[in-house]
Amino acid sequence: MGIEDKGRLVVEKLMQRADRSKKPIVVNVSNRHFHCTQEVFEKLYGAGKKPTKKKDLLQPGQFACEETVTVRGTKGTLENVRMIGPLRPYTQVELSTTDTFTLGVRPPVRDSGNLKGSAPITIVGPQGSVDLPEGAIVAQRHIHFHPDEAKDFGVKNMETVRIKLGAGTPKETIFTILCRVREDMKLECHLDTDEANAAGIKNGDSAVML
Ligand SMILES: [Zn+2]
């Protein structure tokens with residue numbers, strides 16, 4: 001590649017960067033919640049039971065359920081922890097760092113579904129409880145992209161980028177954040193309650209990529 005071609009590539013990259021900072025990314029705040037298998041669901045709610053949809057979420061196919069549980073750690077419990085459907089091939093409890101102190105658990109910061117070596121936790125439902133040897137995580141903050149949107153923003157799956165939140169406010173914050181790209185995903189930034197509070201962000205606010 002000649003010097004001119006290299007120069008052109010650098011300019012294109014810079015223009016794409018300037019461009020992507022003009023596209024707002026909607027931010028939604030994930031409160032503590034859990035995902036589970038059919039097997040675990042039946043232990044919590046009874047044989048043959050299925051989750052009940054309360055509200056569709058922005059990510060295609062994902063929904064908040066009517067079902068809530070109590071989550072128990074070594075030091076305390078949290079009530080009304082909502083299930084997010086549909087049923088999954090694994091069971092996972094997503095907590096904020098503040099929640100981990102209330103419960104007395106020490107989960108790692110993880111990408112969803114990566115549970116090896118995550119923290120033990122107990123889920124208590126109306127019909128029974130389940131002691132998970134692993135399954136509690138603090139979810140790694142992330143942005144969901146459809147592959148077409150990822151192309152627009154010039155990002156790849158599992159790449160880390162920087163976003164600015166609350167621009168011009170006293171809590172203006174820059175976060176490094178993981179990009180997750182999949183056919184069944186749609187542009188949306190997910191923060192937990194600790195992160196949202198730190199940046200003074202509420203549901204539906206927007207972020208810009210730097
Ligand atoms: Zn998410």
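Basis for what follows: all heavy atoms, side chains included, without hydrogens, waters or symmetry-related copies. Read the numbers this way: they start at 1 and go in the same order the structure lists the ligands and their atoms.
Protein atoms that are N, O or S and lie under 2.8 Å from the Zn ion (ligand 1) are these: H142 NE2, H144 NE2, H190 ND1.
Between H144 and H142, the angle of the ring planes goes over 60°, which puts this pair in the perpendicular group of the 30/60° scheme.
How far CG of N80 is from NE2 of H33: 15.5 Å, rounded to the nearest 0.5 Å.
A donor-acceptor contact shorter than 3.5 Å links the side chain of Q92 to the backbone of G113.
Residue pairs meeting the side chain to side chain donor-acceptor pair (under 3.5 Å) criterion with at least one member in residues 193-210, sequence neighbours excluded, are T98-D194, R141-E195, K202-D205. The side chain to side chain donor-acceptor pair (under 3.5 Å) pairs that include a residue from residues 124-134 are T122-D131, where partners are two or more places apart or lie in different chains. Screening residues 167-182 for side chain to side chain donor-acceptor pair (under 3.5 Å), with sequence neighbours left out, gives D111-R180, R182-D184.
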